[in-house]
Amino acid sequence: MIEKHYQPSDIESRMSLIWEDSRAFSAGRPERRDARPFTIVIPPPNVTGSLHMGHALNNTLQDILCRFERMRGRDVLWQPGTDHAGIATQMVVERQLMERQQPSRREMGREKFLDRVWQWKAESGGIIINQLKRLGASCDWSRERFTMDEGLSRAVVKVFIELHRQGLIYKDKRLVNWDPNLLTAISDLEVQQIEVKGNLWYLRYPLEGKTFNPGDPSSFIVVATTRPETMLGDTAVAVHPDDERYAHLVGRHVVLPLVGRKIPIVADEYSDPEKGSGAVKVTPAHDFNDFEVGKRHNLAQISVFDKEARLLLTGNEDYLRGLPEGAAELAEELHGLDRFAARKWIVARLEDFGFLDRIEPNTHMVPHGDRSGVVIEPFLTDQWYVDAKTLAQPAIAAVRSGATTFVPKNWEKTYYEWMENIQPWCVSRQLWWGHQIPAWYGPDGKVFVAETEDEAVGNALGYYVEQEVITAEQGREMALDRNKRAGFITRDEDVLDTWFSSALWPFSTLGWPDQTPEVKRYYPTDVLVTGFDIIFFWVARMMMMGLHFMKEAPFSTVYIHALVRDEKGAKMSKSKGNVIDPLHLIDQYGADALRFTLAAMAAQGRDIKLAASRVEGYRNFATKLWNACRFAEMNNCALPPKFDPAGAKEVLNRWMAHETARATREVTEAIESYRFNDAAGAIYRFVWNIYCDWYLELAKPVLLGEEGEAKSETRAMVAFARDVILKLLHPFMPFLTEELWAVTAKRDGLLTLASWPRKAVALTPEQVALMAAASPNEPLLAPILMAADTSELSDPAAEAEIGWVVDLVTAIRSVRAEMNIPPATLTSLVLSAASAETQARVPRWSDVIKRLARLNDISFTDRPPEGSVQLLIRGEVASLPLKGVIDLSAEKIRLDKELAKADSDIKRVDAKLANEKFVANAPEEIVEEEKEKREAAVARKAKISDAIERLRNAAS
RNA sequence: GGGCACGUAGCUCAGCGGGAGAGCACUACCUUGACAUGGUAGGGGUCACAGGUUCGAUCCCUGUCGUGCCCACCA
């Protein structure tokens, strides 16, 4: 028995348990051993995070695909898991420590801190998984993985070592994006350029050998800068080689104000004569461009900041080298000053001495850390880099060749743009939470990359014995005795970028580097579903790593969905605090309603601005289906064994079979082509507008009537269509449909494992033969198409008849409303000059028409009775004799309007047909269509004129 | 500076070369035997603007205005 009311929360918790107990979502179910696999890896959410709207959309779409393919018989693996999210998680725990006034990370030390993070992971790691389950995600939960679990960590180490051996990972000292707050390097992608209103400071750098005089421009050169404080680290001034203003100065030197350092004026094309003064200060240690200029001109790199972006001058030999007397005093004074304070101090002092030429307001982009929000400092450090340029080549080729395609396609351009201009990927992070880099350093700093410390020790001892740094005897002793070798080599303290392990996700989760059966069966995966915001972070890197290590692209399709934005259209993010909680909507309306809403709004290439009223509307849709199923149940509608919808005899049932086939085709094709909104729209219309509004209504008289063949066939069709609905809707509303599947009939198994309705493809035997000839290597193709050929369900006669009933009922209702006839007033219907077809139809439908159109009688005459409302239904006149009830003048107005409409239709078509160019150029079928339209309109006009004429006679 | 979207009913959004659609909101009526989380009927749009291509443009092209996003080291 179906409960009277639809209660989403009850159903959802119950169904979750049933699916879990039956292991319905397990990959590799024995009965599907021979089935084609279908694999999706979940974009692993942050292990300590919670479900936001983006997750809800992302996982709803994946789940639709997985449930769809599972019902189509594929062996589905939806691989779940979570990401350790290096910086994010470490920040969360550090914040907790601060809030609880506990010892800081550094005070605790690495080991204790990591214990603490693992503890936090244990506490909160299950939350998001449970939230995904609440959403209905049909992952194979028995296979859940975590990027830092043992197996995945082995994959990370293996990849690092391999890439290092191949020269594709290397250590380099160069400028990195340094976050002075988090005290770590970050990658280019983690830097956000933010527009900041600032200034352009024009500084006078005195020429060597001249006496500086602010009033004498020939005694100095003006440079413009947005960062005056970095002048302490200047090692040159650059001008453009072709800039005649400065040609005579190239090769000469300036004396750096305040500091006293003598630095050259060099010619370099980087300098743009149009910008600033045309001369630019060069600070190789604190600016990416200047770094390159410095390399070209062999300039010193003087780093003047420490890790926290405070001036590091005292004891800074690079800085102090070659400075005149007194410079050390300045260094003492400024040492430790924050970069922004330093800016103020230096500008003020430059002004005092006449070195400040002028200040111009200037708005420019300033790099900020996307996690910490502070200004990024280009900083000279040793870091590990991945040679992304090399790895990118096969990844580009895979998309070019079509081995991997993006949906929608326009994202491929974005992908190419980035991949073709890819920079070395800085993968080391000065954090503790993550995969520690498997590299050890010997006493002279030489690097030993190895899987384990023991292996690194072995390599190091071998090397140093060979180099005669230690004797063979010492080497043997140290190899045998842990204590003796303690501290001989030390491990790199840094960890890897979180995305390094994420990049391996499509194969590391399957057990790689072991050659597991899962790796063989489920790699490469079929589809990756993700948002465009992580194409660079994740998709591109999975492509690179997958192709490099597995020799095959990790997925054949990348479906890029929209972002769910907040009500203002802004991107939702934790830092902005504008996150809408999907769980709140689930509590309120149910997971099914939320899922359906997201699918219905997931049109390709458009962002989703979510309105709660929309969710409510689709909850109502669920209720509607619920009640329709109750109706079927009340009328004892059940599917008899071996029911053949194509063999239905009743017109109504033939029509329904036809509509069911059509809905099946629409939904199937829409999901196949990732048009989730179209699929949702098709099933919505089918359930509400076809099944509920018309089919069940039209079936009522039969269902309430006498037992007999018609009644049993109708009961069967009601049940058949309901079952198709439950199947088609299951990927979108899994809980509701599974519940209804269970309670509406005795079933052999779960809906989620039931078979998808076969797609109705109307093909002629010739077409089938052609297709079979075109793909001889797919022997199954032709039989499938033949079996699925439900063209016999297409039934124009039934469609015409039901269409007539619908039109008639709708027209009567409309005119009754217009004439303000109360529902309780029953009228009679008179059909005039009815065709044989109509006369045959009436007995079949009189009950229905009377019921739906509020009639008490239907009769036939030759001519419409006087004083009646006359309706034109498919070319015939249907009248409601309402003499005395209706207002004749109002009826006249109504008919005049219709006449005018018919007239204007004729005129429009005539204009077209009179246009020779139209007739000559438009496709034949369009012209033909227009002619038919004209004929229909002319006929309609004639009938309406007649009706008006009759009305006039009645009035007189 | 480069790139990608988007401006369609009051709101949120589909559609996209041959007479404008949905959900919600709105108006009127209806406790009819699945459903008031419902039913029936209805109002509401020069499809941002201006050119062009075309027999025909909401749809294709160009430009303008507006909005959003991504990328970029330009002082």
Side-chain angles (χ1 to χ4, degrees), chain A residues 2 4-6 175 188 193 200-202 223-227 238 270-272 274-283 287-292 362 364-365 367 378 410-411 413-414 417-418 421 532-533 535-536 562-563 565 567 569-571 589 593 597 600-601 603 605-635 677-678 681 684-685 692-693 696-697 700 704 810 813-818 820-824 851-852 854 905 908-909 912 915-923 925-927 929-930 933:
Chain A
I2 306 179
K4 178 113 199 270
H5 294 288
Y6 166 51
L175 279 187
D188 297 346
Q193 300 291 341
L200 202 52
W201 285 272
Y202 288 78
V223 297
T225 180
T226 54
R227 298 206 54 196
Y270 162 66
S271 181
D272 182 349
E274 307 286 314
K275 294 266 159 71
S277 62
V280 62
K281 67 196 255 328
V282 180
T283 323
D287 183 285
F288 287 97
N289 292 307
D290 294 4
F291 183 78
E292 296 301 321
N362 176 264
H364 58 126
M365 299 302 249
N410 56 321
W411 288 109
K413 182 166 181 167
T414 307
E417 293 280 323
W418 192 70
N421 298 301
F532 65 82
D533 52 330
I535 290 178
F536 305 144
L563 239 47
R565 298 179 180 278
E567 62 273 73
K571 184 174 165 177
Y589 302 112
T597 308
M601 297 182 80
R606 187 149 176 165
D607 289 340
I608 295 176
K609 272 191 263 174
L610 198 62
S613 61
R614 203 65 193 257
V615 186
E616 187 183 351
Y618 290 124
R619 189 276 318 269
N620 296 351
F621 170 64
T623 307
K624 185 74 183 175
L625 176 64
W626 183 268
N627 285 308
C629 289
R630 282 182 61 222
F631 173 78
E633 183 182 63
M634 287 169 176
N635 285 282
N677 58 319
D678 285 344
Y684 182 94
R685 284 189 299 275
C692 293
D693 286 352
L696 294 184
E697 290 303 328
K700 274 177 185 173
L704 296 169
T810 306
R813 281 169 168 173
S814 178
V815 80
R816 284 177 58 108
E818 207 171 325
N820 288 317
I821 298 167
R851 194 182 118 80
L852 296 181
R854 317 289 301 161
D905 283 356
R908 183 157 12 82
V909 177
K912 269 195 183 179
N915 183 341
E916 282 174 32
K917 288 183 178 171
F918 171 74
V919 180
N921 293 324
E925 65 267 24
I926 296 290
V927 178
E929 230 172 76
E930 293 295 325
K933 273 187 206 166

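It should be emphasised that the depicted structure is a prediction, and the values quoted were computed from it without experimental measurement. Residue numbers start from 1 in every chain, and the chains themselves are labelled A, B, ... in the order their sequence lines are given, proteins ahead of strands.
Looking at every heavy atom in both residues, A/Y589 comes nearest to A/A612 through CE1-O, 4.1 Å.
Residue A/N921 places at least one side-chain N or O under 4.0 Å from the OP1 or OP2 atom of B/C55. Taking 4.0 angstrom as the limit, A/K413 places a side-chain polar atom (N or O) nearer than this to OP1 or OP2 of B/C4.
Figure legend. B/C4 is base-paired to B/G68; pairs are counted as Watson-Crick or G-U wobble with both atom distances under 3.5 Å. B/G44 is unpaired under the Watson-Crick or G-U wobble criterion, no partner having all donor-acceptor distances under 3.5 Å. Pair check for B/C73 finds none; no Watson-Crick or G-U wobble contact set falls under 3.5 Å. Shown here, B/C49 forms a base pair with B/G63; the pair counts as Watson-Crick or G-U wobble because both key distances fall under 3.5 Å. Under the Watson-Crick or G-U wobble criterion, with both distances below 3.5 Å, B/C55 is paired with B/G18. Base pairing analysis places B/A34 opposite nothing; no Watson-Crick or G-U wobble pair with both distances below 3.5 Å involves it.
For the P atoms, the distance from B/C16 to B/C6 is 12 Å, rounded to whole Å. On the C1' atoms, B/G39 is 9 Å away from B/U32, given to the nearest whole Å. For B/A50 and B/C65, the C1' atoms lie 10 Å apart once the distance is rounded to whole Å.
The side chain of A/A817 sits closest to B/A41 out of B/A41, B/C73, B/C69. When distances run from any side-chain atom of A/P923 to the nucleotides B/C71, B/C73, B/G18, the shortest one goes to B/G18. In the set B/A34, B/A5, B/C70, B/A34 carries the atom at the smallest distance from any side-chain atom of A/F631. If you check B/C74, B/C69, B/G39 against the side chain of A/F532, the one that comes closest is B/C69. Minimum atom distance to the side chain of A/I926 is reached by B/G18, of the listed B/G38, B/C55, B/G18. Checking B/C55, B/U12, B/C35 against every side-chain atom of A/K917, the shortest atom distance belongs to B/C55. In the set B/A34, B/A41, B/A5, B/A41 carries the atom at the smallest distance from any side-chain atom of A/T810. Taking only side-chain atoms of A/D693, from C-beta outward, the nucleotide of B/C35, B/G39, B/G18 with the closest atom is B/G39. Residue A/D272 places its side chain closer to B/A75 than to any other of B/A34, B/C55, B/A75. Nearest nucleotide to the side chain of A/M365, out of B/C55, B/G33, B/A72: B/A72.
A salt bridge is defined here as a Lys NZ or Arg NE, NH1 or NH2 lying under 4.0 Å from an Asp or Glu carboxylate O, and A/K933 with A/E930 meets this definition.
Two residues, A/W626 and A/D905, neighbour RNA chain B, and the one matched to the more 5' nucleotide by heavy-atom proximity is A/D905.
A/C629 comes within contact range of no nucleotide atom at all, as no heavy-atom separation falls under 4.0 Å. In this structure, A/D290 reaches neither bases nor backbone, as no heavy-atom distance under 4.0 Å exists between it and the strands shown.
For B/A34, its base never sits under 3.5 Å from the side chain of A/K4 at any donor and acceptor pair. For A/R813 against B/U40, a side-chain-to-base donor-acceptor contact under 3.5 Å is absent.
For A/H5, the NE2 atom sits in a loose shell: 12 or fewer heavy atoms of surrounding residues, nucleotides or ligands are nearer than 6.0 Å.
Counting only distance, with no hydrogens or angles, the side chain of A/R816 and the backbone of A/R854 share a donor-acceptor pair below 3.5 Å.
Taking the centre and axis of the six-membered ring of A/Y684, the NZ or CZ atom of A/K624 falls outside the cone set by 45° and 6.0 Å.
Proximity of A/V919 to A/E916: side-chain heavy atoms (C-beta onward) are nowhere separated by under 4.5 Å. Between A/D290 and A/Y270, some side-chain heavy-atom pair lies under the 4.5 Å cut-off.
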Can you name the atoms? Protein N/O to nucleotides 20-29 of chain B N/O, anything below 3.5 Å, with the distance.
none

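Note that CD of A/E417 and CD1 of A/I535 are 12.5 Å apart. Values are rounded to the nearest 0.5 Å.
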